[in-house]
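The analysis underlying the following values was restricted to heavy atoms, covering all of them including side chains, and did not include hydrogens, waters or symmetry mates. Positions are given from 1 along the sequence.
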Amino acid sequence: MISYSTVDISHSTVLIVDDERNLRLMLCRAMEMEKYQVLEASTGDACLTLCQQQIPDIILLDAMMPRLDGFDCCEQLHQYLGDRCPPILMITALSDLASVDRAFASGAIDFVTKPIHWAVLRHRVRRILQMHRAIAELRSHREQPIS
């Protein structure tokens, strides 16, 4: 049996999408300190373009951005990538029930509010990556023919 807490998540790629440059840089630095490879985008459109070129292991996605907000970006990612869509962790200053519901309805796997509690974010990212990788391993074992 595969335990998600022992799944190797080293070399995971984190895509950080936020229109606020300073927060994006802080998120990048925090993820680099955890030894993740980091990609970044400042808009929802740039996120979609990046994901067509390289699918990250997880996306940290700001909800409130101009033009294409995080909610619509999340929906489009799921439409474009289907089962290949990485887990999406929505990050936002919004904490009202409607925004939380909208984040999950759009396909986000989790929701973190600003100001960010960095220790919580670090653990959530790690757990999401571990669970996602463990599920992928279970699927690949299930699809292998029995000899």
Distance in Å, [X] [atom1] paired with [Y] [atom2], rounded so as to fall on 0.5 Å steps:
X: D96; Y: S99; atom1: CG; atom2: OG; value: 3.5 Å
X: S12; Y: Q130; atom1: OG; atom2: CD; value: 9.5 Å
X: D110; Y: L121; atom1: CG; atom2: CG; value: 9.5 Å
X: E20; Y: M26; atom1: CD; atom2: CE; value: 8.5 Å
X: R84; Y: H78; atom1: CZ; atom2: NE2; value: 13.0 Å
X: R127; Y: R122; atom1: CZ; atom2: CZ; value: 11.5 Å

Within the 4.5 Å heavy-atom criterion, are [X] and [Y] side-chain neighbours or not?
X: D62; Y: D19; answer: yes
X: L89; Y: I128; answer: yes
X: M64; Y: L94; answer: yes
X: M90; Y: V112; answer: no
X: I88; Y: I58; answer: no
X: L81; Y: P86; answer: yes
X: L129; Y: R126; answer: no
X: C74; Y: L61; answer: yes

Verify side chain to side chain contact (heavy atoms under 4.5 Å, CB included) between I59 and V17, making sure each step is shown before the conclusion. CA-CA 7 Å; I59 300 173; V17 186; 4.1 Å; yes
Transitive ILVMFWY side-chain link [X] to [Y], under 4.5 Å:
X: L77; Y: M65; answer: yes
X: L23; Y: Y36; answer: yes
X: V125; Y: V120; answer: no
X: I109; Y: I116; answer: yes
X: L39; Y: L27; answer: no

Nearest heavy-atom pair of [X] and [Y]: which atoms, and what distance?
X: G44; Y: C73; answer: O-SG, 3.7 Å
X: A103; Y: F111; answer: CB-CD1, 3.4 Å
X: R133; Y: D57; answer: NH2-OD1, 3.3 Å
X: S106; Y: F71; answer: CB-O, 3.4 Å
X: H132; Y: C85; answer: CE1-O, 4.2 Å

Walk me through whether R139 and D83 qualify under salt bridge (Lys or Arg N to Asp or Glu O under 4.0 Å). CA-CA 12 Å; R139 282 186 182 144; D83 291 342; over 6 Å; no
How far apart are the C-alpha atoms of I91 and K114, what are their side-chain angles, what is the distance that settles it, and do they pass the side chain to side chain contact (heavy atoms under 4.5 Å, CB included) test? CA-CA 7 Å; I91 298 177; K114 297 175 186 175; 3.8 Å; yes
Apply salt bridge (Lys or Arg N to Asp or Glu O under 4.0 Å) to the pair D72 and R102, showing each step before the final yes or no. CA-CA 10 Å; D72 292 335; R102 187 173 176 207; 3.5 Å; yes
Show your working on side chain to side chain contact (heavy atoms under 4.5 Å, CB included) between I16 and V38 and close with a plain yes or no. CA-CA 7 Å; I16 297 167; V38 176; 3.8 Å; yes
Taking it one step at a time, do L60 and L15 satisfy side chain to side chain contact (heavy atoms under 4.5 Å, CB included)? CA-CA 6 Å; L60 307 185; L15 171 55; over 6 Å; no
Using the test salt bridge (Lys or Arg N to Asp or Glu O under 4.0 Å), find all partners of R21 that sit at least two apart in sequence or belong to another chain.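 Salt bridge (Lys or Arg N to Asp or Glu O under 4.0 Å) check on R21 returns nothing, list empty.
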